[in-house]
A.B. asks: 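Below is one structure. I have some questions about it.
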Amino acid sequence: MYIFFRLLPALLSAVLFCGCVDQHIEPIQPIQSEPIQSIQPPQEKKDLFILLPDKNGKVGEITISNRACTTILSKANESVQVSKNKVPPRTSILSQREVQRKFHDTLQAIPGTADQYILYFYPGTSKLTKNSQQQLPLILKRIKKRLPCEISIIGHTDTQASSEYNLALALQRAIHVRNQLLAIGVPRELLEVSSHGETDPMIPTRDNVKEPRNRRVELFIR
Amino acid sequence: MLKKKIPLLLLVILQFLLSTPPAIFAQEFVGGLRKVTGLGTIIRDGQQIIAKDGIRIKMGDKLITGKNGALGVIFTDNTRISLGANSEIHIDQYAFQPTQGKFAFLTELIQGTASYISGAIGKLSPKAVKFKTPTAIVGVRGTRFLVKTAPKD
């Protein structure tokens, strides 16, 4: 009897312990959903993203959103591997060499930047300033050098007069430049004309302000 | 009186018809191919066009490169993209009409490697730029980046 009483705490604790173990085991059981895990492919497919610095060394920012979250890259050569559904691992900085190794052919195929020329006009007209008129042969030379290429001719005005008037005037300016280029032998099919009116000034001003630097045609050779 | 006006009206209509195609023509092309090497193909309306420097690109085009292929595209807003070997990209949406505030740039890299360098759309309307891959969507704030998709089995 005495022995029984002496053993009681041990028995009780044994029962308690078993109970604990039982409780411990139970939550484990639902994890036996192994069949579901084995259906999924062993490794989820991941896409690699790398942010590069701009030509002037400035670094911008990209956001990469999958079903789980949005990752931000904001440092030069910062990279991340992203699968469809999971929160991606930490970002890491790749070496220049690694970037070159992985993307050699892709980097080689990046088209050259467009050449930009700005031609200026006398106020309220589509008459080129003397200096700008003299640039046309240089532009022709450059176009010939860059063939095959395309040329955008975009007309602009300052904010003097109404916006409708300026939209038309800017178009006249662009058409005038196109005609001048046609006259010196640039093929018509390369030239594309458009007007931004007073909406896209080089020097932002209030409305109804004369600004010679905004009276212009921007020409891009791509 | 009315009879006299009809030829004039016809002339106006004719002029309108003659003058519109170039405008549409100019808008249809969104960019052109540059730096094409190896084998590349454009799929447009189910037809295959062999990729060459200078060929113009339209919205909806699918660009594909072969085993040793690579190509670049420069868009009318000066956005530039390029593809490495064994790659495919779709030009889903493109709009560059600053006077109407209309901007869109949606491309989808199906597989392979690509680079993106932003142009005017990325500067004037960064939210309009979306670059999709099989796993995610990239949003841009005026910059350049590289993407490589997981290899297909």
A.B. asks: Where do Lys35(B) and Ile110(A) land on the side chain to side chain contact (heavy atoms under 4.5 Å, CB included) test, with the steps shown first?
C.D. replies: CA-CA 7 Å; Lys35(B) 295 205 174 181; Ile110(A) 295 175; 5.9 Å; no
A.B. asks: Does the side chain of Val59(A) come within less than 4.5 Å of Thr143(B)'s, by heavy atoms?
C.D. replies: no
A.B. asks: Roughly how far apart are Ser152(A) OG and Asn78(B) CG, rounded to 0.5 Å?
C.D. replies: 7.0 Å
A.B. asks: Please lay out, stage by stage, how Lys102(A) and Thr113(B) fare under the test side chain to side chain contact (heavy atoms under 4.5 Å, CB included).
C.D. replies: CA-CA 9 Å; Lys102(A) 285 193 158 90; Thr113(B) 55; over 6 Å; no
A.B. asks: Count the heavy atoms belonging to other residues, nucleotides or ligands that lie under 6.0 Å from CG of Asp45(B), then report whether that count exceeds 12.
C.D. replies: no
A.B. asks: Side chains of Phe49(A) and Val138(B), heavy atoms from C-beta outward: is any pair under 4.5 Å?
C.D. replies: yes
A.B. asks: Look at Leu147(A), Thr113(A), Thr71(A), Ile154(A) and state which one has the largest set of heavy-atom pairs under 4.5 Å with chain B.
C.D. replies: Thr113(A)
A.B. asks: Quick one: pull up OH in Tyr116(B) and CG in Leu52(A) and give me the separation to the nearest 0.5 Å.
C.D. replies: 13.0 Å
A.B. asks: Which distance, rounded to the nearest 0.5 Å, do you find between the CZ of Phe145(B) and the OG of Ser79(A)?
C.D. replies: 14.0 Å
A.B. asks: If you count heavy-atom pairs within less than 4.5 Å of chain B, which of Pro111(A), Pro88(A), Pro148(A), Gly60(A) leads?
C.D. replies: Pro111(A)
A.B. asks: What distance separates Thr133(B) OG1 from Ile64(A) CD1, expressed to the nearest 0.5 Å?
C.D. replies: 9.0 Å
A.B. asks: Could you check whether atom NZ of Lys58(B) has more than 12 heavy atoms from other residues, nucleotides or ligands sitting under 6.0 Å from it?
C.D. replies: yes
A.B. asks: So do Leu146(B) and Phe103(A) actually touch side chain to side chain, heavy atoms under 4.5 Å?
C.D. replies: yes
A.B. asks: Would you mind checking which part of Leu190(A) comes under 4.5 Å of any heavy atom in chain B, side chain (CB onward), backbone (N, CA, C, O), both or neither?
C.D. replies: both
A.B. asks: Quick one: does Asn66(A)'s side chain have a donor or acceptor within less than 3.5 Å of a partner on Thr135(B)'s backbone?
C.D. replies: no
A.B. asks: Is the side chain of Ser82(B) donor-acceptor paired with the backbone N or O of Thr106(A) at a distance under 3.5 Å, no angle test?
C.D. replies: yes
A.B. asks: Contact part of Phe75(B) toward chain A, heavy-atom cut-off under 4.5 Å: side chain, backbone, both or neither?
C.D. replies: backbone
A.B. asks: Could you tell me which portion of Val73(B) (side chain, backbone, both or neither) has an atom closer than 4.5 angstrom to a non-hydrogen atom of chain A?
C.D. replies: backbone
A.B. asks: Looking at Arg34(B) and Glu150(A), is there a salt bridge between them, counting it only when a charged N and a carboxylate O are closer than 4.0 Å?
C.D. replies: yes
A.B. asks: Quick check on Gln100(B): does its CD atom have over 12 non-hydrogen neighbours (other residues, nucleotides or ligands) under 6.0 Å away?
C.D. replies: yes
A.B. asks: Are any non-hydrogen side-chain atoms of Asp54(A) and Arg144(B) less than 4.5 angstrom apart?
C.D. replies: yes
A.B. asks: More than 12 heavy atoms of other residues, nucleotides or ligands under 6.0 Å from CZ of Arg213(A): is that the case?
C.D. replies: no
A.B. asks: Does CD1 belonging to Ile203(A) count more than 12 external heavy atoms closer than 6.0 Å?
C.D. replies: yes
A.B. asks: Under a 4.5 Å heavy-atom cut-off, does chain B meet the side chain of Ser65(A), its backbone, both or neither?
C.D. replies: both
A.B. asks: Please classify the contact of Leu71(B) with chain A as side chain, backbone, both or neither, using a heavy-atom distance under 4.5 Å.
C.D. replies: backbone
A.B. asks: Select one option (side chain, backbone, both, neither) describing which atoms of Phe220(A) are under 4.5 Å from chain B's heavy atoms.
C.D. replies: side chain
A.B. asks: When only pairs under 4.5 Å are counted, which of Pro126(B), Gly69(B), Ala85(B), Pro134(B) shares the most heavy-atom pairs with chain A?
C.D. replies: Pro134(B)
A.B. asks: Determine whether the side chains of Thr149(B) and Asp47(A) contain a donor N or O and an acceptor N or O closer than 3.5 Å.
C.D. replies: no
A.B. asks: If you count heavy-atom pairs within less than 4.5 Å of chain A, which of Pro98(B), Ser87(B), Gly119(B), Gly112(B) leads?
C.D. replies: Pro98(B)
A.B. asks: Between Leu83(B) and chain A, which part of the residue has a heavy atom less than 4.5 Å away: side chain, backbone, both or neither?
C.D. replies: backbone
A.B. asks: Check each atom of Gln81(A) against the heavy atoms of chain B and say whether the ones under 4.5 Å are side chain, backbone, both or neither.
C.D. replies: neither
A.B. asks: Measure Pro53(A) against the heavy atoms of chain B and call it side chain, backbone, both or neither at under 4.5 Å.
C.D. replies: backbone
A.B. asks: Which members of residues 162-172 of chain A, sorted by number, sit under 4.5 angstrom from chain B on a heavy-atom basis?
C.D. replies: Leu167(A)
A.B. asks: With a 4.5 angstrom heavy-atom cut-off, could you sort out which part of Lys58(A) is near chain B: side chain, backbone, both or neither?
C.D. replies: neither
A.B. asks: Does any heavy atom of chain A fall under 4.5 Å from the side chain of Ile81(B), the backbone, both, or neither of them?
C.D. replies: backbone
